[in-house]
Amino acid sequence: MKFSFPQSVRLMEVGPRDGLQNERLIVDTMNKIGFIEGLVASGLKRIEVTAFVNPKWIPPLADQVEVAKGIRRQKGVSYAALVPNMKGYEQALATKMDEVAFVLAASDTHNLKNINAKTDEAFARYTEVALRAAEDNVPFRAYISCAFGCPYEGEVAVSRVVHLAQLFTQLGAYEVSIGDTIGIGNPKQTLELVQAICKEIALDKIALHLHDTRGMALANIFAALSLGVKSFDSSAGGLGGCPYAPGASGNVSTEDLVYMLHAMDIKTEVNLDLLCGVSLKMEKLLKRQLPSKVLSTKRVVS
Ligand code: HMG
Ligand code: MG
């Protein structure tokens with residue numbers, strides 16, 4: 001029997017944004033910059049470095065401008081930032097981000113809690129931002145969060161996720177990142193959701209953003225790979241969570257994902273040893289062991 005998986009995949013490293021937004025200890029600006037530069041040195045080519053959101057809502061990322069300005073940029077790397085509205089977009093533009101990301105949940109309650117707007121109102125804001133981004137030639141992607149379930153509303157209709165994916169691609173998103181914000185999905189659900197979305201939009205516009213709360217993320221990625229999905233978000237060491245999604249833990253760890261992909265002969269440009277070194281430094285700063293399994297094989301036992 002022959003299996004067919006993609007030969008290579010695109011990664012979006014979200015550790016500096018999704019990861020650090022939800023850590024108990026706040027990492028200082030210089031160490032954030034060092035972390036991002038280390039991630040780039042390990043071969044990661046797309047990095048979400050911060051979020052231009054209200055610092056009152058997300059205090060750990062309050063130094064977003066300093067971080068964005070402080071990074072020594074490397075050619076061939078796309079530096080991304082999350083923006084929830086025009087104000088955030090303008091800051092991303094002023095700090096020369098290569099691309100931006102919008103976030104919209106497939107649930108009204110989560111949108112109210114996370115970005116203080118109902119779904120339709122927030123989409124109208126993003127439409128304005130997308131038009132500006134098109135004028136400025138700034139590519140954007142869109143997270144559809146709570147796509148596998150919502151911490152407030154429970155089950156989320158597949159049709160709602162598909163509809164938002166269509167709206168964002170029509171608006172010009174180069175990719176929609178389907179978010180399992182609370183890590184509640186399973187491989188069967190992943191197959192069904194991806195199949196439903198790719199009936200309406202091209203497969204190469206679909207990415208997955210999977211929090212690993214229940215240890216399902218790699219199994220879900222395997223399911224998506226078997227359908228030909230080629231783009232995944234992940235977080236160094238498995239850092240992260242969403243402060244407005246109770247119980248959400250970190251994203252799938254970049255180390256565990258890269259290990260699995262390389263073992264399956266699927267190429268990434270990441271040097272796993274270098275990446276582990278960067279995450280080990282970060283866990284020292286955070287004074288806690290990060291959840292990545294591969295990282296646990298690299299700790300020096302004293
Ligand atoms: P709001 O209070 O409705 O905003 O917040 P507003 O427009 O009414 O303005 C109120 C104040 O906020 C004003 O300041 C604005 O200037 C300021 P004041 O006059 O009171 O001094 N403001 C801003 N400040 C900085 N940056 C901005 C900005 N916009 C307005 N961009 C807002 C609306 C969206 C700003 C707020 O709700 C917010 O910042 N939310 C951020 C939430 C967030 O970052 N959540 C975590 C990321 S999402 C996630 O993790 C999920 C994801 O990973 C996918 C997945 O896991 O599935 C992406
Ligand atoms: Mg997330």
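Order of listing sets the numbers, starting from 1, for every ligand and every atom in it.
If you number the atoms of ligand 1 from 1 as listed, the ones under 4.0 Å from a heavy atom of D18 come out as 53 (O). The atoms of ligand 1 that sit less than 4.0 Å from any heavy atom of L82 are 47 (C). Interface of H211 with ligand 1, defined as ligand atoms under 4.0 Å from a residue heavy atom, comprises 56 (O). If you number the atoms of ligand 1 from 1 as listed, the ones under 4.0 Å from a heavy atom of G88 come out as 31 (N). The distance from ligand 1 to the heavy atoms of V103 drops below 4.0 Å at these ligand atoms: 58 (C). Residue contact check: I58 has heavy atoms under 4.0 Å from atoms 43 (C), 44 (O), 45 (N), 46 (C) of ligand 1. With ligand atoms numbered from 1 in the order given, ligand 1 contributes 25 (C), 26 (N), 27 (C), 31 (N), 39 (O), 41 (C), 44 (O) to contacts under 4.0 Å with heavy atoms of V53. Of all atoms in ligand 1, listed by their number and element, those nearer than 4.0 Å to a heavy atom of T181 are 55 (C), 56 (O), 57 (O).
The shortest N/O to N/O separation between S145 and ligand 1 does not fall below 3.5 Å. Taking distance alone, with nitrogen or oxygen atoms compared against 3.5 Å, Q21 approaches ligand 1 more closely than that limit. Residue K56 has no N or O atom closer than 3.5 Å to an N or O atom of ligand 1. Ligand 1 has an N or O atom lying under 3.5 Å from an N or O atom of N114, backbone or side chain.
Under 4.0 angstrom from ligand 1, the non-hydrogen atoms of P84 all belong to its side chain. Of all the heavy atoms of R17, the ones lying under 4.0 Å from any atom of ligand 1 belong exclusively to the side chain. Heavy atoms of N54 found under 4.0 angstrom from ligand 1 belong to the backbone as well as the side chain.
Note on D18: its N/O/S atom closest to the Mg ion (ligand 2) is OD2.
Considering only heavy atoms from C-beta on, T109 comes within 4.5 Å of E153 through its side chain.
With 3.5 Å as the limit, one finds no donor-acceptor pair spanning the side chains of Q289 and S296.
Proximity annotation for atom 55 (C) of ligand 1: of H209, E121, E48, H209 comes nearest, heavy atoms only.
Separating the CD atom in E155 from the OG atom in S107 is a distance of 13.0 Å, to the nearest 0.5 Å. Rounded to the nearest 0.5 angstrom, L104 CG and D120 CG are separated by 9.0 Å.
Of the charged side-chain nitrogens involved, none lies within less than 4.0 Å of a carboxylate oxygen, so that K32 and D28 do not count as a salt-bridged pair.
Closest of all the heavy-atom pairs between K188 and N186 is N-OD1, 3.0 Å. The two residues P84 and I115 have their closest heavy-atom pair at CB-CG2, 4.3 Å.
The Mg ion (ligand 2) forms the vertex of an angle spanning NE2 of H209 and NE2 of H211; to the nearest 10 degrees it equals 90°.
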Self-check item: Verdict with reasoning, E23 to R288, per side-chain contact (heavy atoms from CB on, under 4.5 Å)
Solution: CA-CA 10 Å; E23 288 294 332; R288 73 169 185 110; 2.6 Å; yes

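In this structure, R17 is not positioned above the aromatic face of Y79 in the sense of NZ or CZ being under 6.0 Å from the six-membered ring centre and within 45° of the axis.
Relative ring orientation between F102 and F168 is described as tilted, the plane-to-plane angle lying within the 30° to 60° band.
Taking the six-membered ring wherever Trp is involved, the centroid distance between the rings of F5 and F222 falls below 6.0 Å.
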